[in-house]
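Below is one structure, written out as structure tokens; comments come after it.
For the single chain, residues carry numbers from 1 onward in sequence order. What you are looking at is a predicted structure, and each value in this text was computed from that prediction instead of being measured.
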Amino acid sequence: VQLQASGGGLVQAGGSLRLSCAASGRTFSSYAMGWFRQAPGKERKFVAAINRGGRITSYADPVKARSTISRDNAKNTVYLEMNSLKPEDTAVYYCASYGSSNYFSTESVNYWGQGTLVTVSS
């Protein structure tokens, strides 16, 4: 599986954005998918995940109230919509497919996208 993330950019605090991650291959619907982010000088952290069918989602506490993860298996694409953005949301955002069920751990990821930079200005 190859993953191509897009949709990052410069956003003012309080704004919104939608990230997309397009997957190649025929097995997209076989994988749970997720988003992680990595701020400068910090470790990569879990943001959100969605199961194969798109009915079960999970979020990290810092984004839970203002984020929505979704997927379109017909388009082989997973999305992350974030609202009320804060400067602390500034990071490179990575989409990921999971090889195991601990969605919170980077060790559960079997494929990574290349990352898309989100910068939130105050």
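- Of the inter-residue distances, the one linking I50 atom CD1 with S58 atom OG reads 11.0 Å to the nearest 0.5 angstrom.
- Evaluation of the ring-ring contact (aromatic ring centres under 6.0 Å, His included) test over residues 37-72, restricted to residues two or more places apart or in two chains, returns F36-F46, F46-F104.
- Around CZ of R44, the count of heavy atoms belonging to other residues, nucleotides or ligands within 6.0 Å exceeds 12.
- Residue pairs satisfying the disulfide (SG to SG under 2.5 Å) criterion with at least one member in residues 7-64, sequence neighbours excluded, are listed as follows: C21-C95.
- Sorted pairs that involve residues 28-75 and meet disulfide (SG to SG under 2.5 Å), not counting sequence neighbours, are lacking altogether.
- Two different hydrophobic clusters hold W35 and V92 under the rule that ILVMFWY side chains link at heavy-atom gaps under 4.5 Å.
- Residue L19 holds its CG atom at 10.0 Å from CD of E81, rounded to the nearest 0.5 Å.
- Every side chain to side chain contact (heavy atoms under 4.5 Å, CB included) that S6 has, sequence neighbours left out, goes to S20.
- The shortest heavy-atom contact between L10 and S121 is CD1-CB, 4.2 Å.
- Sorted pairs that involve residues 41-82 and meet disulfide (SG to SG under 2.5 Å), not counting sequence neighbours, are lacking altogether.
- Residue pairs meeting the ring-ring contact (aromatic ring centres under 6.0 Å, His included) criterion with at least one partner in residues 69-96, sequence neighbours excluded, do not occur; the list is empty.
- Nearest approach of R52 to S29, heavy atoms of both residues: CB-O, 3.3 Å.
- Under the side chain to side chain donor-acceptor pair (under 3.5 Å) criterion, N83 pairs with S16, not counting sequence neighbours.
- Residues passing the side chain to side chain contact (heavy atoms under 4.5 Å, CB included) test with I56 are N51, sequence neighbours excluded.
- The side chain to side chain donor-acceptor pair (under 3.5 Å) test applied to S100 returns S108, not counting sequence neighbours.
- Interatomic distance, R37 CZ to T90 OG1, rounded to the nearest 0.5 Å: 9.0 Å.
- Heavy atoms only, all atoms of each residue included: K42 and Q38 are closest at O-NE2, 3.0 Å.
- Residue pairs meeting the side chain to side chain donor-acceptor pair (under 3.5 Å) criterion with at least one partner in residues 65-78, sequence neighbours excluded, are R66-D89, R71-N73.
- Listed by chain and residue number, Y103 satisfy the ring pair (Phe, Tyr, Trp, His ring centres under 6.0 Å) test with Y98 (two or more places apart in sequence, or in another chain).
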Atom pairs and distances, donor-acceptor, side-chain atoms in residues 109-118, under 3.5 Å, two or more places apart:
residue	atom	partner	partner atom	Å
N110	OD1	S97	OG	2.5
Q114	OE1	A5	N	3.1
Q114	NE2	A5	O	2.9
T116	OG1	G8	N	3.1

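- In this structure, OG on S122 lies 14.0 Å from NZ on K86, to the nearest 0.5 angstrom.
- Contact detail for V63 and M82: the closest heavy-atom pair is CG1-CE, 3.9 Å.
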